[in-house]
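Note that ligands are numbered from 1 as they come in the structure, with each ligand's atoms numbered from 1 the same way. Since this is a predicted model, take the numbers as computed values, not measurements. Position 1 is the first residue of the sequence; numbering continues from there.
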Amino acid sequence: MTLILASQSASRTAMLSAAGVPFTAEPAHADEAALKAAMAGAPPRDIADALAELKALKVSARHPGRLVLGSDSLAVLDDGTILDKPRDRDDARDHLLRMSGKRHDLVSAAVIAENGRPVWRHVEAARMFVRPLSYSFVDAYLDAEWPAIAGCVGCYRIEGPGAQLFSRIEGSQFTVLGMPLLPVLGYLRDRGVLPA
Ligand SMILES: Nc1nc2c(ncn2[C@@H]2O[C@H](COP(=O)(O)OP(=O)(O)OP(=O)(O)O)[C@@H](O)[C@H]2O)c(=O)[nH]1
């Protein structure tokens, strides 16, 4: 039985494909903004989990009997501010300068639903230590990486030149790329989607 990925994220699709997971992708087109507004002030991990569940349940309702994986990522500054995807290049520049020289968490949640109900969930954070960034570096980085990073919550592609932003990362690179992949693979083995 192939998995359904409730996502339009190229990074999530690439991760599952590279890991050899049999799946099809179907965007959830869920109203994430409404849920984020309703959960304003809640712990970021809870918000990411709720968004992942929203996507999984919406697609699961359309596919009874199938396992559906939803995922969500948030960038959380050390003062608790949650950064969304950049609105435009200037917004990306602002985000990068706000993260410069500081640590932020890249939180990724995954929820698997079946028959319209959540059957598994997992949230993980990667600790991202951004080195002090000069204005000239940020501008050159954006010359190279905008608009490729427009769809990335942290304004970086860690698998690309985004690596130049960091002095250290604690946690799984998969979590940064968009989901806690290894726990997802574990559950897929439990359910016979992947070989044990
Ligand atoms: N390629 C890449 N993508 C990243 C990185 N960091 C964050 N992202 C992407 O940032 C996006 C976070 O936005 P979300 O709202 O969780 O997901 P989305 O892109 O809207 O896609 P959906 O799953 O359909 O909601 C995801 O697509 C992540 O894969 C990174 O370092 N590299």
#### Entry: Ala6 N/O under 3.5 Å from ligand 1 N/O
no
### Query
Ser7 heavy atoms, cut-off 4.0 Å: which ligand 1 atoms fall inside?
21 (O), 22 (P), 23 (O), 24 (O)
### Query
Do we see a donor-acceptor contact under 3.5 Å between the side chains of Thr175 and Glu124?
yes
### Message
Please check if the number of heavy atoms outside Phe174 that lie under 6.0 Å from its CZ is greater than 12.
### Response
no
### Query
For the side chain of Asp105 and the backbone of Val107, is there at least one donor-acceptor N/O pair under 3.5 Å apart?
no
### Message
Which of the numbered atoms in ligand 1 are under 4.0 angstrom from any heavy atom belonging to Glu32?
### Response
15 (O), 25 (O)
### Query
Quick one: is the NZ or CZ of Arg12 closer than 6.0 Å to the six-membered ring centre of Phe23, and within 45° of its axis?
no
### Summary
ligand 1 to Ser11, heavy atom cutoff 4.0 Å, flagged ligand atoms 1 (N), 2 (C), 3 (N), 29 (O)
### Query
Are Glu170 and Arg168 close enough, and set up right, to give a salt bridge (Lys or Arg N to Asp or Glu O under 4.0 Å), and what steps lead you there?
CA-CA 7 Å; Glu170 291 173 358; Arg168 183 157 58 96; 2.3 Å; yes
### Task
Could you tell me whether some N/O pair between Leu177 and ligand 1 is separated by less than 3.5 angstrom?
yes
### Task
Evaluate the side-chain proximity of Val193 to Arg189: yes if any heavy-atom separation is below 4.5 Å, no if none is.
no
### Message
Starting from atom 32 (N) of ligand 1, what is the nearest protein heavy atom, named by residue and atom, and what distance separates them?
### Response
Glu159 OE1, 2.9 Å
### Task
Looking only at protein heavy atoms, identify the closest one to atom 12 (C) of ligand 1 and say how far it is in Å.
Val153 CG1, 3.5 Å
### Task
Could you tell me whether Ile158 and ligand 1 have an N or O pair separated by under 3.5 Å?
yes
### Message
What protein heavy atom lies closest to atom 25 (O) of ligand 1? Include the residue and the distance to one decimal.
### Response
Lys55 NZ, 2.7 Å
### Message
To the closest 0.5 Å, what do you measure between CG (Leu106) and CD1 (Ile169)?
### Response
9.0 Å
### Query
How far is atom 30 (C) of ligand 1 from its nearest protein heavy atom, and which residue and atom name does that atom have?
Tyr156 O, 3.3 Å
### Query
Starting from atom 11 (C) of ligand 1, which protein heavy atom do you reach first, and at what distance in Å?
Gly151 O, 3.2 Å
### Message
To the closest 0.5 Å, what do you measure between CG (Leu177) and CE (Met15)?
### Response
5.0 Å
### Query
What are the atoms of ligand 1, with element, lying closer than 4.0 Å to any heavy atom of Asp72?
14 (P), 15 (O), 16 (O)
### Message
Please confirm whether Ser73 approaches ligand 1 to less than 4.0 Å, judged on its heavy atoms.
### Response
yes
### Task
Report the nearest protein non-hydrogen atom to atom 27 (O) of ligand 1: residue, atom name, distance rounded to 0.1 Å.
Ser9 OG, 2.8 Å
### Task
Run down the list Arg157, Arg12, Lys85, Glu26 and name the one with the heavy atom closest to atom 17 (O) of ligand 1.
Arg12
### Query
What is the ring orientation for His104 with Phe166, classed by angle as parallel under 30°, tilted 30 to 60°, or perpendicular over 60°?
tilted
### Query
With a 3.5 Å cut-off and no angle check, do the side chains of Arg66 and Thr2 form a donor-acceptor pair?
yes
### Query
Nearest protein heavy atom to atom 4 (C) of ligand 1, by residue and atom, and its distance?
Cys152 SG, 3.7 Å
### Query
Does Met179 reach ligand 1, in the sense of a heavy atom lying below 4.0 Å from it?
no
### Task
Please test Leu5 against Thr24 for side chain to side chain contact (heavy atoms under 4.5 Å, CB included), starting from the C-alpha separation and ending with a verdict.
CA-CA 6 Å; Leu5 174 64; Thr24 56; over 6 Å; no
### Query
Does any N/O atom on Val176 come nearer than 3.5 Å to any N/O atom on ligand 1?
yes
### Side-chain donor-acceptor contact under 3.5 Å, Ser9 with Ser11
no
## Note on the structure
atom 24 (O) of ligand 1 has as its nearest protein heavy atom Gln8 N, 2.8 Å
